[in-house]
K.L.:
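This structure is in structure tokens; I'll ask about it shortly.
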Amino acid sequence: MPKRRRVFEPKIDRTPPNLRRLVRLIFSEAYLPGDRLVERDLAAKLSLSRIPVREGLQKLVSKGILLKDDVNGGLRLRDYSPAEVAHLHEYREAIELAAARAACHNRSAADIAQLDAICDEMERAATNAPSAHWLELDWRFHQTIVEASGNERFVNDFDLLMAECNYVF
């Protein structure tokens, strides 16, 4: 009897809700480049235990978004150089272009309806743009296109990328 070959195909998880909340808090106007991030304080603000906050912070360090402070071992929100801002913009542009191209081939009627609804709401909110509501709609518009691409790698990283871009830009 021939051996069956097992194929390992891990599912790429989307950004976990706790990490998404942590990212949005860190990239809110409450923190500025160079600010020290205290795990205990972040956990209290998010009503989470320190373990998921610690894991989220470690993930952000691994992606280069947060920097370890050599002096006291804490974490700091990075300050972006002009070149880093340009690179971030180029990266987002590349991801969105590829996602839009894939979405053209993979979209569903539900995706089109959702984009139409978001555009209608953005049009109504345009007189107050750029309000927090309008920026959230813009985020949802881009996220919908990325999700319509069907590429789980794009989807997995896009929420974090958008938070970083909104903070930096």
K.L.:
Can you check whether Leu115 reaches Ile145 side chain to side chain, under 4.5 Å on heavy atoms?
P.N.:
yes
K.L.:
Could you state the interatomic distance from NE2 (His87) to OG (Ser81), rounded to the nearest 0.5 Å?
P.N.:
7.5 Å
K.L.:
Of the options Lys59, Arg92, Lys63, which is the one that meets Asp157 in a salt bridge (charged side-chain N to carboxylate O under 4.0 Å, His left out)?
P.N.:
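Of the listed options, the one satisfying the test is Lys63.
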K.L.:
Say you draw a straight line from CH2 of Trp139 to CH2 of Trp134; how long is it, rounded to the nearest 0.5 Å?
P.N.:
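Reported to 0.5 Å precision, the distance equals 14.0 Å.
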K.L.:
Please give me the minimum heavy-atom distance between Met122 and Leu137, naming the atom from each residue.
P.N.:
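In this case the closest contact between Met122 and Leu137 is CG-CB, 3.5 Å.
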K.L.:
Could you go through the salt bridge (charged side-chain N to carboxylate O under 4.0 Å, His left out) check for Glu39 and Lys45 one step at a time?
P.N.:
CA-CA 10 Å; Glu39 182 182 298; Lys45 286 180 182 179; over 6 Å; no
K.L.:
If you round to the nearest 0.5 Å, how far is CG of Leu161 from NE2 of His142?
P.N.:
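Separation between the atoms: 11.0 Å.
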K.L.:
Does one hydrophobic cluster hold both Leu57 and Ile51, with members joined at side-chain heavy-atom distances below 4.5 Å?
P.N.:
no
K.L.:
Any donor-acceptor pair under 3.5 Å linking the side chain of Asp41 with the backbone of Val38?
P.N.:
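No.
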K.L.:
With heavy-atom distances below 4.5 Å as the criterion, would you say the side chains of Val155 and Asn151 are in contact?
P.N.:
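When only atoms from C-beta onward are counted, Asn151 and Val155 do not touch, as no gap falls below 4.5 Å.
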K.L.:
Could you state whether Tyr167 and Leu88 fall into the same hydrophobic cluster, counting links through intermediate Ile, Leu, Val, Met, Phe, Trp or Tyr residues with side-chain heavy atoms under 4.5 angstrom apart?
P.N.:
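In one cluster: yes.
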K.L.:
Quickly, which of Leu75, Val53, Leu48 forms a side chain to side chain contact (heavy atoms under 4.5 Å, CB included) with Leu42? Name it, please.
P.N.:
Val53
K.L.:
Taking all atoms of both residues into account, what is the closest heavy-atom pair of Phe141 and Cys119, and its distance?
P.N.:
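Smallest heavy-atom distance, with atoms named: CE1-SG, 3.7 Å.
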K.L.:
Step by step, work out the side-chain hydrogen bond (donor to acceptor under 3.5 Å, both in side chains) result for Tyr80 and Glu164.
P.N.:
CA-CA 11 Å; Tyr80 294 80; Glu164 188 177 10; 2.6 Å; yes
K.L.:
Could you walk me through whether Val168 and Phe27 pass side chain to side chain contact (heavy atoms under 4.5 Å, CB included), step by step?
P.N.:
CA-CA 9 Å; Val168 172; Phe27 287 125; 5.8 Å; no
K.L.:
For Tyr31, is there any backbone N or O sitting under 3.5 Å from a side-chain donor or acceptor partner on Asp35?
P.N.:
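Flag not set: sc Asp35 to bb Tyr31 has no pair under 3.5 Å.
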K.L.:
Are any non-hydrogen side-chain atoms of Lys68 and Arg76 less than 4.5 angstrom apart?
P.N.:
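Answer no - side chains too far apart.
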K.L.:
Flag yes if more than 12 heavy atoms outside Leu135 fall under 6.0 Å of its CG atom; otherwise flag no.
P.N.:
yes
K.L.:
Donor-acceptor pair, Arg107 side chain versus Cys104 backbone, under 3.5 Å?
P.N.:
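Side chain of Arg107 to backbone of Cys104: a pair is present.
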K.L.:
Within the structure provided, determine whether Glu147 and Phe158 are in side-chain contact (heavy-atom separation under 4.5 Å).
P.N.:
no
K.L.:
Are Ile65 and Val61 co-members of a hydrophobic cluster defined by side-chain heavy atoms under 4.5 Å apart?
P.N.:
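Yes; Ile65 is reachable from Val61 via cluster members.
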K.L.:
With heavy-atom distances below 4.5 Å as the criterion, would you say the side chains of Leu160 and Leu60 are in contact?
P.N.:
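Leu160 reaches Leu60 side chain to side chain.
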K.L.:
Closest heavy-atom contact between Asp111 and Ala148?
P.N.:
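Distance-wise, the nearest heavy atoms are OD2-CB, 3.5 Å.
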K.L.:
Would you indicate whether the side-chain heavy atoms of His89 and Val85 approach each other to under 4.5 Å?
P.N.:
no
K.L.:
To the nearest 0.5 Å, what is the distance between CG on Asp116 and OG1 on Thr144?
P.N.:
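Atom-to-atom, Asp116:CG and Thr144:OG1 are 11.0 Å apart.
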K.L.:
Is there side-chain contact between Ile26 and Leu77, with at least one heavy-atom pair below 4.5 Å?
P.N.:
yes
K.L.:
Has Arg78 got a side-chain atom pairing as donor or acceptor with Gly64's backbone, closer than 3.5 angstrom?
P.N.:
yes
K.L.:
For the backbone of Leu46 and the side chain of Arg21, can you confirm whether one donor and one acceptor N or O come within less than 3.5 Å of each other?
P.N.:
yes
K.L.:
With heavy-atom distances below 4.5 Å as the criterion, would you say the side chains of Ile118 and Gln114 are in contact?
P.N.:
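Yes, their side chains come closer than 4.5 Å.
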